[in-house]
**Student:** 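Quick one: structure below, then a few questions.
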Amino acid sequence: METEISLAPEILSSVEQALKEDIGIGDATTNSIVSSDASLKGRIISKEEGVVAGLSVARSVFRLLDEQVSFRFCANEGERVEADQVLADVTGPGRVILSGERTALNFLGRMSGIATLTRQFVDEVSGTNAKILDTRKTAPNLRACDKLAVRLGGGENHRFGLFDMILIKDNHIDFAGSIREAVKRARERSNDLEIEVEARTLAEVSESLDLGVKWIMLDNMCLDEIRRAVALTNGRAKLEASGNVTLANGRGIAETGVDYISVGALTHSVKALDVSLVIEPAT
């Protein structure tokens with residue numbers, strides 16, 4: 001089974017920095033105990049059920065340390081897995097496998113946790129038109145990994161950063177003095193970037209629609225307000241519900257008819273999937 005996906009340069013950079021952080025000038029323990037010519041075989045195992053994401057990143061950890069490491073996928077990226085399921089086989093120099101173990105598992109566990117939670121939200125809104133979006137509430141220097149994990153879990157990515165879309169939020173509106181003025185300034189300098197406006201009230205939704213805004217975020221609105229916003233918009237703009245979204249209320253929000261539901265919890269408070277590496281001597 002081969003499901004390796006192409007990794008963005010940002011992800012490979014994160015892997016390199018993580019290895020430098022962990023190994024530093026050398027793995028003192030492993031280098032003291034494991035001979036330089038020893039070979040080992042390991043199995044990466046999921047200790048609980050979930051959705052696996054990040055096997056390709058884990059593979060890159062070992063390959064950056066030694067290109068001769070053999071990493072065989074035993075599960076597909078984005079696949080639901082069970083407890084005690086083997087996710088991958090790793091074979092190669094013993095020092096490399098033991099030194100890269102924790103970094104590989106850190107990436108794999110975090111990304112699988114994000115994918116697992118994302119899939120739960122996607123399943124919760126199944127049958128509606130709503131799509132689950134992530135946010136910028138990601139771990140510093142791990143955004144590309146976090147957003148890849150969301151996609152593998154079945155969600156979609158919102159803007160990657162501050163540079164690829166204009167999102168006019170409450171502080172921007174307050175500074176400019178009005179939504180109209182904020183949108184005017186953004187359009188003058190947007191370089192054709194898509195513009196989204198955060199609306200705190202139905203009056204702000206109406207004002208945004210009058211200005212021809214095509215994407216509106218409904219900030220912390222109750223279900224009745226969201227329904228009224230959907231009726232008011234009547235397909236003239238994409239609507240995104242945001243704020244305090246949970247698995248308990250996600251279905252109700254989706255059934256209002258919004259196009260998107262953004263969930264910061266996907267990445268800002270994720271519980272890592274429990275994964276481990278079991279080592280045995282190579283034969």
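Keep in mind the model is a prediction, meaning the values are calculated, not measured.
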**Student:** Between E79 and N76, is there a donor-acceptor pair closer than 3.5 Å when you use the side chain of the first and the backbone of the second?
**Tutor:**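 A pair under 3.5 Å: yes.
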
**Student:** Side chains of L167 and R159, heavy atoms from C-beta outward: is any pair under 4.5 Å?
**Tutor:**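 Yes, close enough: below the 4.5 Å cut-off.
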
**Student:** Spell out, as yes or no, whether a donor-acceptor pair under 3.5 Å connects the side chain of D219 to the backbone of E198.
**Tutor:**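 Flag not set: sc D219 to bb E198 has no pair under 3.5 Å.
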
**Student:** Using a cut-off of 6.0 Å, state whether more than 12 heavy atoms not belonging to N244 lie near its atom CG.
**Tutor:**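 At most 12 heavy atoms, drawn from other residues, nucleotides or ligands, come within 6.0 Å of this atom.
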
**Student:** Treating T233 as the side-chain partner and R236 as the backbone partner, does any N or O pair qualify as donor plus acceptor under 3.5 Å?
**Tutor:**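 No, because the side chain of T233 does not come within donor-acceptor range (under 3.5 Å) of the backbone of R236.
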
**Student:** Can you check whether N157 reaches L133 side chain to side chain, under 4.5 Å on heavy atoms?
**Tutor:**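 Sidechains of L133 and N157: no contact.
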
**Student:** To the nearest 0.5 angstrom, please state how far the CD atom of E101 sits from the CG atom of L277.
**Tutor:**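 Going from CD on E101 over to CG on L277, the span is 4.5 Å.
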
**Student:** State whether the number of non-hydrogen atoms from other residues, nucleotides or ligands found under 6.0 Å of Q68 atom CD is greater than 12.
**Tutor:**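 Atom CD in Q68 is not packed in, count stays at 12 or less.
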
**Student:** Hey, does L152 have a side-chain heavy atom less than 4.5 Å from the side chain of V150?
**Tutor:**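 The answer is no; the side chains never approach within 4.5 Å.
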
**Student:** Can you see which heavy atom on T135 is nearest to which on G264, and at what distance?
**Tutor:**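 Smallest interatomic distance, heavy atoms only, reads OG1-CA, 3.6 Å.
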
**Student:** Check this for me, if you would: do E67 and R63 make a salt bridge, where the nitrogen-to-carboxylate-oxygen distance has to be below 4.0 angstrom?
**Tutor:**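 Looking at R63 together with E67, the answer is no, because their closest N to O distance does not fall below 4.0 Å.
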
**Student:** Rounded to the nearest 0.5 Å, what separates atom CG in L266 from atom CD1 in I114?
**Tutor:**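 With rounding to 0.5 Å, CG (L266) is 8.0 Å from CD1 (I114).
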
**Student:** Would you say that more than 12 heavy atoms from the other residues, nucleotides or ligands in this model lie under 6.0 Å from the CG of N141, or not?
**Tutor:**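 Counting other residues, nucleotides and ligands, CG of N141 stays at 12 neighbours or fewer.
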
**Student:** Check the pair R187 / I195 against side chain to side chain contact (heavy atoms under 4.5 Å, CB included), numbers first and verdict last.
**Tutor:** CA-CA 8 Å; R187 283 175 171 162; I195 295 175; 3.6 Å; yes

**Student:** Honestly curious: do L232 and L239 fall in one hydrophobic cluster under the side-chain, below-4.5 Å linking rule?
**Tutor:**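 Looking at the clustering, L239 is in the same group as L232.
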
**Student:** So among V275, D84, D274, V81, which one has a side-chain contact (heavy atoms from CB on, under 4.5 Å) with E48?
**Tutor:**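 Testing E48 for a side-chain contact (heavy atoms from CB on, under 4.5 Å) against V275, D84, D274, V81 leaves exactly one candidate, D274.
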
**Student:** Using 30° and 60° as the class boundaries, would you call the ring planes of Y260 and W215 parallel, tilted or perpendicular?
**Tutor:**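 Rings of Y260 and W215: parallel, under 30°.
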
**Student:** Locate the shortest heavy-atom distance separating V122 from G153; write the atom from each residue and the value.
**Tutor:**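 Minimum heavy-atom separation between V122 and G153: CG2-O, 4.1 Å.
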
**Student:** Contact between L12 and S60 at the side-chain level, heavy atoms closer than 4.5 Å - yes or no?
**Tutor:**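 They are in contact (side-chain heavy atoms under 4.5 Å apart), so the answer is yes.
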
**Student:** Could you check I179 against L211 for side chain to side chain contact (heavy atoms under 4.5 Å, CB included), going step by step and ending with a plain yes or no?
**Tutor:** CA-CA 9 Å; I179 290 177; L211 293 169; 3.8 Å; yes

**Student:** Surrounding CG of N129 (heavy atoms of other residues, nucleotides or ligands, distance under 6.0 Å), is the total greater than 12?
**Tutor:**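 For N129, atom CG is not crowded (no more than 12 foreign heavy atoms under 6.0 Å).
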
**Student:** So with a 6.0 Å cut-off around NZ of K238, is the heavy-atom count from everything else above 12?
**Tutor:**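 Enclosed: over 12 neighbouring heavy atoms sit under 6.0 Å from NZ of K238.
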
**Student:** Does some side-chain heavy atom of L55 sit less than 4.5 Å from a side-chain heavy atom of L108?
**Tutor:**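 Yes, close enough: below the 4.5 Å cut-off.
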
**Student:** Side-chain contact, heavy-atom cut-off 4.5 Å: E225 with L218?
**Tutor:**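 SC-SC contact between E225 and L218 ruled out.
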
**Student:** With a 4.0 Å cut-off, would you call R151 and D134 a salt bridge?
**Tutor:**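 No.
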
**Student:** I'd like to know if the side chain of N31 and the backbone of A28 have a donor-acceptor N/O pair within less than 3.5 Å.
**Tutor:**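 No.
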
**Student:** Regarding T138 and T267, is there a side-chain donor-to-acceptor distance under 3.5 Å anywhere?
**Tutor:**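 The answer is no; no qualifying pair exists.
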
**Student:** Ignoring hydrogens and geometry, is there a side-chain-to-backbone donor-acceptor pair from T128 to V125 under 3.5 Å?
**Tutor:**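 It does hold such a pair.
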
**Student:** Please examine the side chains of V205 and V197, heavy atoms only from C-beta on, and report whether any two atoms are closer than 4.5 Å.
**Tutor:**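 Result no, sub-4.5 Å side-chain heavy-atom pair not found.
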
**Student:** According to a hydrophobic-cluster definition based on side-chain heavy atoms being under 4.5 Å apart (Ile, Leu, Val, Met, Phe, Trp, Tyr only), do F62 and I5 belong together?
**Tutor:**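 Yes; tracing contacts between hydrophobic side chains, which count when under 4.5 Å, links both residues.
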
**Student:** Has the side chain of R110 got a donor or acceptor atom that lies under 3.5 Å from a matching backbone atom of L142?
**Tutor:**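 No, R110 side chain to L142 backbone: no donor-acceptor pair under 3.5 Å.
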
**Student:** Between V61 and V86, is there a shared hydrophobic cluster once you connect ILVMFWY residues whose side-chain heavy atoms come closer than 4.5 Å?
**Tutor:**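 No: no chain of side-chain contacts under 4.5 Å links V61 to V86.
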
**Student:** With a 4.0 Å cut-off on N to O distance, would you call E156 and K147 a salt bridge?
**Tutor:**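 Salt bridge absent between E156 and K147.
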
**Student:** Can you confirm whether F163 is buried at CZ, in the sense that more than 12 heavy atoms of other residues, nucleotides or ligands lie under 6.0 Å from that atom?
**Tutor:**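 Yes, enclosed.
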
**Student:** Closer than 3.5 angstrom, by distance alone: can the side chain of D174 be matched with the main-chain N or O of K169 as a donor-acceptor pair?
**Tutor:**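 Between the backbone of K169 and the side chain of D174 there is no qualifying donor-acceptor contact (under 3.5 Å).
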
**Student:** What distance separates I97 CD1 from F71 CZ, expressed to the nearest 0.5 Å?
**Tutor:**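 Those atoms lie 10.5 Å apart.
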
**Student:** When rounded to the nearest 0.5 angstrom, what is the spacing between CZ in R227 and CE in M221?
**Tutor:**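 Going from the CZ atom of R227 to the CE atom of M221 covers 13.5 Å.
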
**Student:** Is it true that K20 and E16 have a side-chain N and a carboxylate O under 4.0 angstrom from each other?
**Tutor:**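 So K20 does not pair with E16 through a salt bridge.
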
**Student:** Got L7 and E10 here, is their nearest side-chain heavy-atom distance under 4.5 Å?
**Tutor:**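 No, side chains not in contact.
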
**Student:** Once rounded to the nearest 0.5 Å, what's the spacing between atom CZ of R185 and atom OG of S190?
**Tutor:**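 So the gap between those two atoms works out to 14.5 Å.
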
**Student:** Between E124 and R119, does at least one N-O distance fall below 4.0 Å, as a salt bridge requires?
**Tutor:**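 No, this pair does not count.
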
**Student:** Please assess R43 against D89 for the test side chain to side chain contact (heavy atoms under 4.5 Å, CB included), listing each intermediate value before the final yes or no.
**Tutor:** CA-CA 5 Å; R43 293 176 298 156; D89 290 327; 3.3 Å; yes

**Student:** Kindly say whether D259 contributes a backbone atom to a donor-acceptor pair with the side chain of E240 at under 3.5 angstrom?
**Tutor:**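 No, E240 side chain to D259 backbone: no donor-acceptor pair under 3.5 Å.
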
**Student:** Compare every heavy atom of L273 with every heavy atom of E49, then report the nearest pair and how far apart it is.
**Tutor:**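 Scanning both residues, the minimum pair turns out to be O-CD1, 3.5 Å.
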
**Student:** Could you go through V183 and I168, starting from their C-alpha distance and side-chain angles, then the distance that decides it, and tell me whether this counts as side chain to side chain contact (heavy atoms under 4.5 Å, CB included)?
**Tutor:** CA-CA 8 Å; V183 170; I168 301 173; 3.9 Å; yes

**Student:** Looking at every non-hydrogen atom in both residues, tell me the closest pair between R200 and E204 and how far apart they are.
**Tutor:**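 Where R200 meets E204 most closely, the heavy atoms are N-OE1, 2.6 Å.
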
**Student:** To the nearest 0.5 Å, what is the distance between CG (L19) and CD (E21)?
**Tutor:**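 Output value for this atom pair is 10.0 Å.
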
**Student:** Considering non-hydrogen atoms only, spot the tightest contact between S208 and I216 and give its length.
**Tutor:**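 So the minimum-distance heavy-atom pair works out to CB-CD1, 3.8 Å.
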
**Student:** Using side-chain hydrogen bond (donor to acceptor under 3.5 Å, both in side chains), reason through D27 and S99 one step at a time and then give a plain yes or no.
**Tutor:** CA-CA 6 Å; D27 181 346; S99 295; 3.0 Å; yes

**Student:** Side-chain heavy atoms under 4.5 angstrom apart, residues restricted to Ile, Leu, Val, Met, Phe, Trp, Tyr: same cluster for I261 and L117?
**Tutor:**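 Yes, because I261 and L117 connect within a single hydrophobic cluster, where side-chain heavy atoms sit under 4.5 Å apart.
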
**Student:** Kindly give the heavy-atom pair with the smallest separation between R136 and F160, and that separation in Å.
**Tutor:**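 Minimum heavy-atom contact is CG-O, 4.3 Å.
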
**Student:** Donor-acceptor check, side chain of S46 to backbone of Q85, threshold 3.5 angstrom: yes or no?
**Tutor:**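 Flag not set: sc S46 to bb Q85 has no pair under 3.5 Å.
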
**Student:** So, R80 and D123, do they make that salt bridge, N to O below 4.0 Å?
**Tutor:**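 Salt bridge flag = yes for D123 with R80.
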
**Student:** Does the S70 side chain pair with the main chain of V90, one donor and one acceptor, at a distance under 3.5 Å?
**Tutor:**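 Between the backbone of V90 and the side chain of S70 there is no qualifying donor-acceptor contact (under 3.5 Å).
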
